[in-house]
Amino acid sequence: DQQVKQNSPSLSVQEGRISILNCDYTNSMFDYFLWYKKYPAEGPTFLISISSIKDKNEDGRFTVFLNKSAKHLSLHIVPSQPGDSAVYFCAASGGNNRLAFGKGNQVVVIP
Amino acid sequence: ETGVTQTPRHLVMGMTNKKSLKCEQHLGHNAMYWYKQSAKKPLELMFVYSLEERVENNSVPSRFSPECPNSSHLFLHLHTLQPEDSALYLCASSQEATGISGNIQYFGAGTRLSVL
């Protein structure tokens, strides 16, 4: 059973606009959440994370929001740039430090 | 030099072959992982090594055999694979601290495996 779900597998957005990626999880024991970005022919690279004690974490153009009661998190990229075109994976971990991943969202930023 | 290096990048093998995937991390981490990524599926954790000991094996068939000779190197030995084993195999490493969440894993570029 998939514990981390990413719906809407692909997203197209104009350069300069906001990209919003959503992620839902089912395991209430998860207390740390991460987003990874993956280009073709490369491994996933860590982008941003958030602890369950926070509801927002911002790093430059990237912001992650966490809604624990809804078991939902989102990644906002603003402004979107062509170099942001990639697959984005949501991941979550609990006390055992094992990561559960979603299937990923393809983002295409149109110049 | 990149943090986590995997070789080879591409591998084609027959079902009767024996081959090995190699992973090397230069980050000083104490934990290493093998993942399998199949098309349209989430990353599947296969094996976890912590301090060079295997601490997790997620019901992986015995035709996959991991080896961790030291904290910097991880191998995945393959024998008598099936066509459905064709996938991207990713290695990752992290610095684990007992009882503390926040495990950021760093990935290699992967080995694209095709089993004919």
Side-chain angles (χ1 to χ4, degrees), chain A residues 1-10 23-54 57 59 62 64 66 68 73 86-106, chain B residues 2-10 21 23-25 27 29-51 54-59 74 87-112:
Chain A
D1 187 30
Q2 207 175 330
Q3 299 185 78
V4 177
K5 298 179 183 179
Q6 293 178 255
N7 296 320
S8 306
S10 64
C23 178
D24 296 291
Y25 61 96
T26 57
N27 189 339
S28 58
M29 298 303 292
F30 287 149
D31 59 3
Y32 196 73
F33 305 89
L34 308 90
W35 285 94
Y36 282 82
K37 172 179 172 180
K38 185 180 184 301
Y39 293 120
E42 294 183 15
T45 56
F46 169 71
L47 190 59
I48 192 170
S49 62
I50 187 167
S51 166
S52 60
I53 62 174
K54 295 185 176 182
N57 187 29
D59 183 1
F62 302 90
V64 56
L66 176 63
K68 282 183 62 180
L73 64 154
V87 176
Y88 290 80
F89 292 96
C90 174
S93 71
N96 66 358
N97 279 323
R98 302 293 175 257
L99 293 181
F101 285 85
K103 291 183 180 181
N105 290 127
Q106 173 72 59
Chain B
T2 56
V4 181
T5 305
Q6 288 187 244
T7 55
R9 293 295 309 275
H10 301 273
L21 310 184
C23 177
E24 185 174 359
Q25 60 99 358
L27 301 170
H29 288 160
N30 61 7
M32 296 186 76
Y33 311 79
W34 280 115
Y35 286 88
K36 175 183 178 182
Q37 186 183 22
S38 304
K40 299 182 181 179
K41 286 188 174 181
L43 273 70
E44 300 172 50
L45 180 62
M46 300 175 71
F47 299 104
V48 181
Y49 276 82
S50 179
L51 297 172
R54 190 191 312 179
V55 296
E56 195 157 328
N57 173 349
N58 280 347
S59 304
L74 185 65
L88 179 67
Y89 289 85
L90 290 162
C91 172
S93 72
S94 71
Q95 185 63 29
E96 288 199 334
T98 304
I100 299 175
S101 290
N103 177 11
I104 298 174
Q105 295 180 16
Y106 295 85
F107 286 83
T111 296
R112 175 67 63 185

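Residue numbers begin at 1 in each chain, while the letters A, B, ... track the order of the sequences. Predicted model, so just to flag it, every value in this text is computed and none were measured.
- For a residue to count as touching a neighbouring chain, one of its non-hydrogen atoms must lie under 4.5 Å from one of that chain's; by this rule B:Leu45 touches chain A with the side chain only.
- A:Tyr32 pairs in a side chain to side chain donor-acceptor pair (under 3.5 Å) with only one of the listed residues (A:Ser93, A:Ser51, A:Ser49), which is A:Ser49.
- With respect to chain A, the highest number of heavy-atom pairs below 4.5 Å among B:Ala109, B:Gly108, B:Cys91 belongs to B:Ala109.
- Residue A:Ala100 does not touch chain B at all, counting heavy-atom pairs closer than 4.5 Å.
- Contact annotation for B:Gln37: only side-chain heavy atoms (C-beta onward) come within less than 4.5 Å of a heavy atom of chain A.
- Looking at B:Arg112, there are no atoms closer than 4.5 Å to chain A (heavy atoms on both sides), in backbone or side chain.
- Between the side chain of B:Gln6 and the backbone N or O of B:Tyr89 there is at least one donor-acceptor pair closer than 3.5 Å.
- Using bins of under 30°, 30° to 60° and over 60° for the plane-to-plane angle, the ring pair A:Phe101/B:Phe107 lands in the perpendicular bin.
- Neither side chain, A:Tyr39 nor A:Thr45, offers a donor N or O lying under 3.5 Å from an acceptor on the other.
- The candidate from A:Glu42, A:Gln6, A:Arg98 with the greatest count of non-hydrogen atom pairs under 4.5 Å with chain B is A:Arg98.
- Ring planes of A:Phe46 and A:Tyr36: perpendicular class, angle over 60° (limits at 30 and 60°).
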